[in-house]
2 protein chains.
Amino acid sequence: MTEATPVRRAGRQLPTADELRIWRDFIETTAALGSRLESRLQSDSSLSTGDYAVLLALSEAEGQAMRSSELAAHIGWERSRLSHHLGRMERRGLIRRQECPTVPRGAEVLLTAAGAEAFGGATFPHLRAIRELFVDALTPDQLVAAGEIAAALRTRLDVLRRE
Amino acid sequence: MTEATPVRRAGRQLPTADELRIWRDFIETTAALGSRLESRLQSDSSLSTGDYAVLLALSEAEGQAMRSSELAAHIGWERSRLSHHLGRMERRGLIRRQECPTVPRGAEVLLTAAGAEAFGGATFPHLRAIRELFVDALTPDQLVAAGEIAAALRTRLDVLRRE
DNA sequence: ACCTATCGGTTGACATGTCAATGATGCTAA
DNA sequence: TTAGCATCATTGACATGTCAACCGATAGGT
């Protein structure tokens with residue numbers, strides 16, 4: 001970081017000690033943030049962040065229903081993961097699955113009344129937690145910077161996707 | 001973010017749409033970054049990041065050994081998680097456990113030759129991946145900002161620890 | 001000495017995640 | 001027509017994580 005010369009920067013293959021320290025702080029803190037949010041959500045509503053993502057997507061979908069594959073793409077999950085998760089959510093009565101009327105071998109995922117109710121109850125505390133643990137922790141400048149950092153990292157991930 | 005008046009900022013209980021968008025970008029991208037690193041490490045060395053954390057700590061420990069509880073504290077894991085993980089690593093021959101000579105009911109965790117070898121082989125590609133996916137993705141300013149953001153979030157998490 | 005609380009560590013039950021294999025169904029080309 | 005192939009979704013095997021219960025040993029207070 002205190003590295004000013006582009007030449008040396010380009011020549012290095014490994015991170016410096018400073019860079020590594022930042023990396024560790026960054027990845028560990030964001031992981032801890034995620035799990036704190038997870039446990040807040042759990043104690044406020046008995047939902048996991050996975051449940052929440054599914055319920056959010058269904059709530060916003062037309063007819064509060066979506067085909068399984070679309071849902072997976074929408075929230076960025078593998079189909080297998082979604083299928084397992086839906087099985088658990090179905091057992092708890094949060095969603096229902098039925099054959100899709102339009103797509104031959106498709107499965108339609110429907111929000112149940114219980115699911116809508118659980119989602120409704122979870123939303124406010126969850127958003128408040130996001131505000132307390134993330135938004136309020138940062139200055140406005142830092143918040144902007146966080147968005148830019150996320151965008152830069154995402155771009156990099158996408159560029160290197162197939163390697 | 002475009003919120004300039006402290007009064008309005010203080011009065012809000014929930015994040016704005018902008019803030020929420022940044023939150024989602026941030027948390028999802030950092031999660032994706034973590035899992036990309038995980039799969040890189042896996043394919044380069046057949047180690048998980050958990051394995052790596054354990055092996056790193058043991059490598060740096062005197063005598064390449066540590067008591068189980070110390071190790072857990074050092075890498076920030078619950079004892080139960082560590083115990084399960086050590087069981088799996090022991091089955092793969094990466095570490096060994098024996099009664100601790102100094103602490104009565106303590107277990108000493110030792111790095112095996114195979115563990116040291118696996119760690120040695122994993123280090124270089126892992127650090128290179130951190131550089132490619134994180135350090136090189138950011139400008140020097142962004143890297144500094146990432147460190148500051150992590151520190152701010154960590155402070156907040158610590159302040160709210162027992163709630 | 002003896003009851004009890006605590007400590008270090010393990011275990012079991014379960015939630016979650018990945019990967020590869022499986023079924024079931026439609027599409028396409030010989 | 002039919003053999004091969006892609007697609008949608010599920011399943012099973014397994015790795016990982018949390019939580020609570022447990023075991024054995026030790027330290028104190030009475």
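What you see below is based on every heavy atom in this structure, not just the backbone, and it leaves out hydrogens, waters and symmetry mates. No experiment lies behind these values; they were computed from the predicted model shown. Every chain is numbered from 1 and lettered A, B, ... according to where its sequence line falls, protein lines coming before strand lines.
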Inset, instruction - Could you check how far CD of B/Q42 sits from P of D/dA15, rounded to whole Å? - result: 10 Å
Legend entry - ILVMFWY cluster, B/L56 and B/L41 together (side-chain gap under 4.5 Å): yes
Legend entry - Upstream residue (5' side of DNA chain D) when B/D51 and A/S39 are each assigned their closest nucleotide: B/D51
Legend entry - Member of B/I130, B/L133, B/L143 meeting the side-chain contact (heavy atoms from CB on, under 4.5 Å) criterion with A/W23: B/I130
Legend entry - Inter-residue atom distance B/R92.CZ - B/D51.CG, 0.5 Å rounding: 4.0 Å
Inset, instruction - Could you check whether the rings of A/W77 and A/H85 sit parallel, tilted or perpendicular, using 30° and 60° as the cut-offs? - result: perpendicular
Inset, instruction - Using whole Å, report how far OH of B/Y52 lies from P of D/dT16. - result: 17 Å
Inset, instruction - Specify the separation, in whole Å, of atom CD of B/E99 and atom C1' of C/dT10. - result: 14 Å
Inset, instruction - Report yes or no: does B/T112 contribute a side-chain atom to a donor-acceptor pair with the main-chain N or O of B/G93 at less than 3.5 Å? - result: yes
Legend entry - Donor-acceptor contact below 3.5 Å, side chain B/S83 vs main chain B/R79: no
Legend entry - Whole-Å distance separating the CD atom of A/Q98 from the C1' atom of D/dC8: 16 Å
Legend entry - A/E19 side-chain N/O to B/V135 backbone N/O, donor-acceptor pair under 3.5 Å: no
Inset, instruction - Scan residues 113-121 of chain B against DNA chain D and write down, sorted by residue number, each residue with any heavy atom closer than 4.0 Å; if none is found, say none. - result: none
Inset, instruction - Mind running a 4.0 Å heavy-atom check of residues 65-97 of chain B against DNA chain D and sending the residues that fall below it, in number order? - result: B/E78, B/S80, B/R81, B/H84, B/H85, B/R88
Legend entry - ring pair (Phe, Tyr, Trp, His ring centres under 6.0 Å) partner of A/H126, chosen from A/F134, A/Y52, A/F119: A/Y52
